[in-house]
Amino acid sequence: MTSPKNKKPVSTWLDYDFFKEEQKAIKSQTVILRTAGCYWRKCTMCGYWQESGDVTQADILAQLEHSLRNSPDIEFILKIFTSGSFLDEREISSGTRKEIVKMVEKRKEIKKLIIETRPEFISEKKLNDLKVVEHLEIAIGLETANDFIRSNYINKSFSFDDYRTAVKIVNDYGATVKTYLLLKPPFVSEKKAIEDVIKSADFVSDYSSTISLNLCNVQKYTYLENLWKRRYYRPPWLWSAVDAIKEIKKRDVVVMSDPVGAGHKRGPHNCGSCDFVVKEAIKEFNITQDLGVLERLEAMDCECKEVWHAVIKFDDFLFGSNRG
Ligand code: SF4
Ligand SMILES: [Zn+2]
């Protein structure tokens, strides 16, 4: 018999998101459904498989039903994620997907639906199933436009060409793409990591309406955790995130960055004293898209900024392994 835990989502929460189509922040609800989990499970920084379970398709519908009980009663963006790919039939069957669509369709407050998937599962037929809301966005964890980094350091197993093929299907269909870029995969120095996400933004901004910058954090029981424990990895500085966001925003895209675990040693962090202020500024930028919010941080004279500058300057030599 299925466990009662499987009837509830991994988590669900309310927040605000920038709604590009109307250039304003509106409410959002994120739902993380527990499914059989990502079939790939081999990315070096990913521990999401720990959220998977022996879940039935009926459980998945119960999880969403449970989450939507707390939906906002005004217009909102609904983000339905799994710890894998929403469009992988092994996680969510086409029958379940259609039932989910019916649940979404009933709630007229939902202005936009965002789902996340690996590119190999994207097809016009599956997108057609989701055609119930005015705005549909497909999020893809590309991580970097650099095939070498994605394949050797992240172990993601799909290429930039695979991403481009999938994105073309989405764009031709009339839906938008959110591309996730990963700031500081393992074996990439702090400076190279900033350069990599900026360069990647150049490659993806024509196809993406949103770029979401994921600040790498150290999840339990991952290859990355092993490196981190042996002092071969330090999560990115929040100053690096601010730098990268400001640069990426010069392109015509919405730039988001959810600073998960910010200020903690396993998450993106500075010195400890300024982390909260920088984290809050990034969160405010997410919903306003106002670069002024981040530019104001330039006036902040926390001592660690000098350390960060030195890290960037000597980073090739340090090889991104300092633990500060
Ligand atoms: S990062 Fe995505 S593709 Fe890679 S193992 Fe995790 S869920 Fe799967
Ligand atoms: Zn500081």
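Atoms within each ligand, like the ligands themselves, are counted from 1 in listed order.
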Exercise for review: Specify the protein heavy atom at minimum distance from atom 3 (S) of ligand 1: its residue, its atom name, and the distance to 0.1 Å.
Suggested key: R118 NH1, 3.3 Å

Exercise for review: Identify, with sequence neighbours excluded, every residue that meets side-chain hydrogen bond (donor to acceptor under 3.5 Å, both in side chains) alongside T117.
Suggested key: none

Review point. Numbering the atoms of ligand 1 from 1, which are under 4.0 Å from a heavy atom of K42?
Key: 5 (S)

Practice item. Could you label the plane-to-plane angle of the Y153 and F148 rings as parallel, tilted or perpendicular, counting under 30° as parallel and over 60° as perpendicular? Key: perpendicular

Revision key, fill the gap. Looking only at non-hydrogen atoms, the one of S85, C43, S52 nearest atom 4 (Fe) of ligand 1 is C43

Practice item. For the residue pair Y221 and W49, categorise the inter-ring angle as parallel (less than 30°), tilted (30 to 60°) or perpendicular (more than 60°). Key: tilted

Review point. Is any NZ, NE, NH1 or NH2 atom of the basic residue among E105 and K102 found under 4.0 Å from an Asp or Glu carboxylate oxygen of the other?
Key: no

**Study point:** Identity and distance of the protein heavy atom lying nearest atom 6 (Fe) of ligand 1
**Key:** C46 SG, 2.3 Å

Point to revise | Note, P259 side chain near L215 side chain (heavy atom, < 4.5 Å) | key: yes

Revision key, fill the gap. Closest to atom 8 (Fe) of ligand 1 (heavy atoms only, candidates G84, C38, G141) is C38

Review point. What are the atoms of ligand 1, with element, lying closer than 4.0 Å to any heavy atom of R41?
Key: 5 (S)

Review point. Does D88 come within less than 4.0 Å of R118, counting only side-chain N to carboxylate O?
Key: no

**Study point:** K156 and ligand 1 - part of the residue with a heavy-atom distance under 4.0 Å
**Key:** side chain

